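Please read these numbers as outputs of a predicted model, since none were measured by experiment. We number each residue from 1, following the sequence as shown. Note: hydrogens, waters and symmetry copies are ignored here, and every other heavy atom, side chains too, is used.
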Amino acid sequence: MPSSVKDTQPDAIPFRSMAMFLLLTFGIAWGVLAAFIFFPETMVGMFGEITGEHPLFYLAVWAPAISAFVVIVRWSGLEGLRRHLGRALLWRCAWPWYAFLLLGVPLVFFAGSFVKGNLSEATFPFSSISSFLVALVLIAIKGPIEEFGWRGLALPLLQRKMAPVWAALVIGMIWGLWHTPAFLLSGTEQSAWSFLPFFTGTIALSVIVTPLFNASRGSIFLPALFHFMLINPVWPDAQPYDTYIFAFIAVVIVWLHRKSMFSGIDSVTEVVPDKQ
């Protein structure tokens, strides 16, 4: 078979590419944030104070997606990248998943805030609808873009070697560890959070989104929507109780999907989907 054809096959992305993906993902994100941590005066003088809306912070957040795209182009070419990006258009899934994403996730935050005792203090944090819409757009193009890397590339690769439940736990721990520099840098959202609940949350969320990814046959849109709903700024502050609730939900979802989560039945293992 000609190499030009072989390189665009779904299995053209080898498992060993996971190492390249992780090196790039951590190198980009940790490199940017470490520069502000260890050389604050120089970096601030050149680029200004780092915040959650700083262009370099966006670069750090986009590291998993950028790294995934580099890996895919390296082994599968631009055609492979085009097909991978097409997964952002996959939206079909069982209706209970949509109910959870659109109704269940907000309920978690309101329930957590109720337990925390600050639900009565919750207010709409924007002065106008236009500022709210701008914030939603900025959020949509920040965190959810990570899913091209974590779920779009890392999860299929790991599911070639282990059952989805273990792949989810591995990615959850890597995902949480990857955020570490943001907790050490003032000006970022994470600097005001506690790391342990956040780390626990990344593991729980990774477990929840794994069967969603597999049930939707590799949709990146649905994990991105989940990510978007998690960071919607209108939800009340529910930390750390939202994490506890999501951890409980993760256990329930593993139980409900125990056959596929522990066996790998119907797991998506292709980074680049076959031609339609």
Indicate yes or no for a side-chain donor-acceptor contact from His84 to the backbone of Val271 under 3.5 Å, with no hydrogens or angles considered.
yes
If only atom types and distance count, is the side chain of Ser17 paired as donor or acceptor with the main-chain N or O of Pro14 below 3.5 Å?
yes
Check the hydrophobic clustering (I, L, V, M, F, W, Y; side-chain heavy atoms under 4.5 Å; chains of links allowed) and say if Leu157 and Met162 are grouped together.
yes
Heavy-atom closest contact (Arg87 atom, Glu270 atom, distance):
NH1-O, 2.6 Å
Is it true that a side-chain atom of Thr202 and a backbone atom of Gly172 form a donor plus acceptor pair closer than 3.5 Å?
yes
Can you label the angle between the Trp235 ring and the Phe109 ring as parallel, tilted or perpendicular, going by 30° and 60°?
parallel
For Ile72, does its backbone N or O pair with a side-chain atom of Ser76 as donor and acceptor, under 3.5 Å?
no
Tell me if a side-chain donor or acceptor on Trp62 pairs with a main-chain N or O of Ala29 at a distance below 3.5 Å.
no
To the closest 0.5 Å, what do you measure between CG (Leu107) and CG (Leu103)?
6.5 Å
Give every residue pair that meets the salt bridge (Lys or Arg N to Asp or Glu O under 4.0 Å) criterion with at least one member in residues 31-53, sequence neighbours excluded.
Glu53-Lys142
Which atom of Phe100 lies closest to which atom of Ile208, heavy atoms considered:
CE2-CG2, 3.8 Å
For a quick test of reading the model, state the closest non-hydrogen atom pair linking Ile145 to Ala65 and the distance between them.
O-CB, 3.4 Å
Starting from Ile245, can I reach Leu102 by hopping between I/L/V/M/F/W/Y residues whose side chains sit under 4.5 Å apart?
yes
Going only through I, L, V, M, F, W and Y residues with side-chain contacts under 4.5 Å, is there a path from Phe248 to Leu196?
no
Whether the side chain of Arg83 engages the backbone of Pro273 through a donor-acceptor N/O pair (distance < 3.5 Å, no angle test) should be reported.
yes
Shortest non-hydrogen contact from Ile220 to Gly152?
CD1-CA, 4.0 Å
Using side chain to side chain donor-acceptor pair (under 3.5 Å) as the criterion, list what pairs up with Ser113, not counting sequence neighbours.
Asn118
Quick check: are there more than 12 heavy atoms from other residues, nucleotides or ligands sitting under 6.0 Å from CZ of Phe124?
yes
Kindly assign one of parallel, tilted or perpendicular to the pair Tyr244 and Tyr241, based on the angle between their ring planes and the thresholds 30° and 60°.
perpendicular
Would a distance-only check, ignoring hydrogens and angles, find a side-chain to backbone donor-acceptor pair under 3.5 Å from Arg74 to Val71?
no
Could you tell me how the ring of Phe246 sits relative to the ring of Phe226: parallel (under 30°), tilted (30 to 60°) or perpendicular (over 60°)?
perpendicular
Phe228 versus Ile139: any side-chain heavy-atom pair under 4.5 Å?
yes
So, does Thr180 use its side chain to make a donor-acceptor pair with the main chain of Leu177 at under 3.5 Å?
yes
Does the Arg217 side chain pair with the main chain of Asn214, one donor and one acceptor, at a distance under 3.5 Å?
yes
Would you indicate whether Tyr98, at its atom OH, is surrounded by more than 12 heavy atoms from other residues, nucleotides or ligands within a distance under 6.0 Å?
yes
Where the side chain of Ser194 meets the backbone of Pro197, is there a donor-acceptor pair that is under 3.5 Å apart?
no
Test of understanding: with side chain to side chain donor-acceptor pair (under 3.5 Å), list the residues that count as partners of Ser131, not counting sequence neighbours.
Ser128
May I ask you to decide if the ring planes of Trp175 and Trp150 are parallel, tilted or perpendicular, using 30° and 60° as cut-offs?
tilted
State yes or no: are the ring centers of His54 and Phe47 separated by less than 6.0 Å?
no
